[in-house]
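Computed from heavy atoms alone, side chains included, the values below leave out hydrogens, waters and symmetry copies. In listed order, ligands and their atoms are each counted from 1.
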Amino acid sequence: MSLPIVAIIGRPNVGKSTVVNRLAKVQDAIVFDEPGVTRDRTYKPAFWNDRDFLVVDTGGLVFDDDTEFLPLIREQAMAALAESSAAIFVVDGKQGLTTADEEIALWLRQQTVPVVLAVNKCESLDHGIIQAAEFWALGLGEPFAMSGIHGNGTGEVLDQIVGFLPPTDQVEDTPEVRVAIAGRPNVGKSSLLNAFVGEKRSIVSPISGTTRDAIDMLVERDEKKYRLIDTAGIRKKKNVEYGPEFFGINRAFKAIDRSDVVLLVIDALDGVTDQDQKLAGRIADEGRACIVVVNKWDAIEKDSDTIYEYEKLVRARLHYMEWAEIIFISAETGQRVEKIFDMIDIAAEQHKRRVSTSVINEVIEDGVRWHSPPTTRQGRQGRIYYGTQVSSKPPTIALFVNDPALLNDNYRRYIERQFRQSLGFQGTPLRLLWRGKKMRAHGARQSQPSHESLGTGI
Ligand code: GDP
Ligand code: GDP
């Protein structure tokens, strides 16, 4: 579900950032710097009366001066307003009404977004009402006296704002591919995120995660939507002091758990480390689709064979993820970054894919014909009666057999390979559940431990 956004508008020095900090209950600012813009757009999570929303500081809005970066800031403010459910127009009660305020008000009146007029710097309650009164002239309805520094009057402003937010059950929930960017520190996750959102044609907006500080980002490409999971865990703000565990492995695990497709980012200079294997294990265990993204490929000295040799090394270290595609990229130069989206599309498609029972049974019959299940010394042979896909994300196929103990790991891997060769399932784990007839399974002497599931196999 996406969080509604509230834009804070006003000319410089009226106290916008003070107001934002007063409204934002969570103090770790999430900074999304837009390329080509000298001032960042800052989104902060806020809540009031059980409603969660984001406040975005738009920078000082000036209309009658086009020097330096002012047109850019104005563009930013307009972009921010376009994605907002409501706006707070901050004016300076101490200074009183100015022509710059009138210009902004004129522009705001032409917009469809509802506006709450906040008259800041009104510390004194009695005097504040008088200070605020002259702003009726802006034609934006009732001016609310408040003080960002002292906090008085903010409750009224928030009451008004919350009244303008869309009802929670109407907040749009579009089908989108949920993508987690996972990897050790310094492998280039945030560089990759920047490369993704820096693309001109992608529409980017921050939306709520499941926890208060997990901010997801929505990226649109070719009319397809990608939700980048917990970008707050990727974009660390350098000047905020978090404990080292804050952006650590638990956070990565949580992001993996919420995703469909994981980009497992590996540093080409380090190769696949033990921690990378740990992340890969979690991805496979959770049944997520995965693309192994070997980053910093620009920093590797290479000849024509390097990529193949390197891929072999990666595969050897990630052998329980044989199904994952590998791509060699440079987040810094942008090399092949674009191609990741195509790979995400394929992996996501395969991850949620459903295959009919008749097709699955054709594959089984064919597989058994080429290579029949093993026979024990006592002459008992494994038999597969039939198979059917019982769920997706990841694709899970139940195989009904005479006795799972008779179908050893080798044979199970063979059958999984048959499914992959015939049906694909690129980029996603495939789960096979081996189901025996209960009575027989109990009676049989088990030569092999009977795995309930082959899990992610191979
Ligand atoms: P912005 O540029 O609009 O974001 O404004 P700032 O938040 O940076 O504030 C501009 C100046 O106004 C600073 O010196 C603040 O201390 C002051 N200021 C902000 N809010 C208040 C307030 O509620 N009362 C008073 N008296 N001063 C304030
Ligand atoms: P994160 O901790 O995983 O988010 O990693 P960062 O994105 O902060 O990158 C860590 C370091 O690796 C930075 O110094 C980047 O400049 C560098 N880096 C990231 N991507 C690349 C790349 O594609 N090539 C090279 N040579 N360096 C990179």
Out of [options], who gets a non-hydrogen atom closest to [atom]?
atom                    : options                : result
atom 16 (O) of ligand 1 : I9, V119, I149         : I149
atom 11 (C) of ligand 1 : K121, E123, Q95, K16   : K121
atom 10 (C) of ligand 2 : I181, L269, V187, N186 : N186

So is P185 close enough to ligand 2, meaning a heavy atom under 4.0 angstrom away?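 Contact check P185 vs ligand 2: positive.
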Within-shell test, Q335 vs ligand 2, heavy atom, strictly < 4.0 Å: no
Could you tell me, atom by atom, which parts of ligand 2 come under 4.0 Å of a heavy atom of [X]?
X    : value
S191 : 6 (P), 7 (O), 9 (O), 19 (C), 20 (N)
R184 : 3 (O)
K189 : 1 (P), 2 (O), 3 (O), 4 (O), 5 (O), 7 (O)
D298 : 22 (C), 23 (O), 24 (N), 25 (C), 26 (N)

Measure N120 to ligand 1 on non-hydrogen atoms and call it side chain, backbone, both or neither using the 4.0 Å cut-off.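 Under 4.0 Å from ligand 1, N120 contributes side-chain atoms alone.
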Record the part of M146 in heavy-atom contact with ligand 1 below 4.0 Å; permitted values are side chain, backbone, both and neither. neither
Do the side-chain N and O atoms of [X] and [Y] include a donor-acceptor pair separated by under 3.5 angstrom?
X    : Y    : value
D276 : T273 : yes
R353 : S392 : no
Q418 : R413 : no
T428 : Q350 : no
N194 : S191 : no

Any atoms of ligand 1 less than 4.0 Å from a non-hydrogen atom of [X]? List them with their elements.
X    : answer
G148 : 23 (O)
S17  : 1 (P), 4 (O), 5 (O), 6 (P), 7 (O), 8 (O)
T18  : 6 (P), 7 (O), 9 (O), 19 (C), 20 (N)

Residue among F144, F135, W136 satisfying side chain to side chain contact (heavy atoms under 4.5 Å, CB included) with L117: F135
Less than 3.5 Å between some nitrogen or oxygen of P12 and one of ligand 1, yes or no?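 P12 vs ligand 1: no N/O contact under 3.5 Å.
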May I ask you to check whether H150 has an N/O atom sitting below 3.5 Å from an N/O atom of ligand 1? no
Do any nitrogen or oxygen atoms of [X] come within less than 3.5 Å of a nitrogen or oxygen of ligand 2?
X    : result
A331 : yes
G188 : yes
N295 : yes

Mind checking whether F328 and W297 have parallel, tilted or perpendicular rings, split at 30° and 60°? tilted
Ligand 1 contacted by K94 (non-hydrogen, < 4.0 Å): yes
Under 3.5 Å donor-acceptor, N295 side chain and V265 backbone: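 Answer holds: no.
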Apply salt bridge (Lys or Arg N to Asp or Glu O under 4.0 Å) to residues R184 and D274 and explain how you reach the verdict. CA-CA 10 Å; R184 292 178 296 117; D274 293 352; over 6 Å; no
Output, in order, the C-alpha distance, side-chain angles, deciding distance and verdict of salt bridge (Lys or Arg N to Asp or Glu O under 4.0 Å) for R288 and D260. CA-CA 6 Å; R288 307 300 168 202; D260 301 313; 5.6 Å; no
Could you check, using the six-membered ring where one of them is a Trp, whether F341 and Y226 have ring centers closer than 6.0 angstrom? yes
In this structure, are over 12 heavy atoms from other groups packed under 6.0 Å from Q110 atom CD? yes
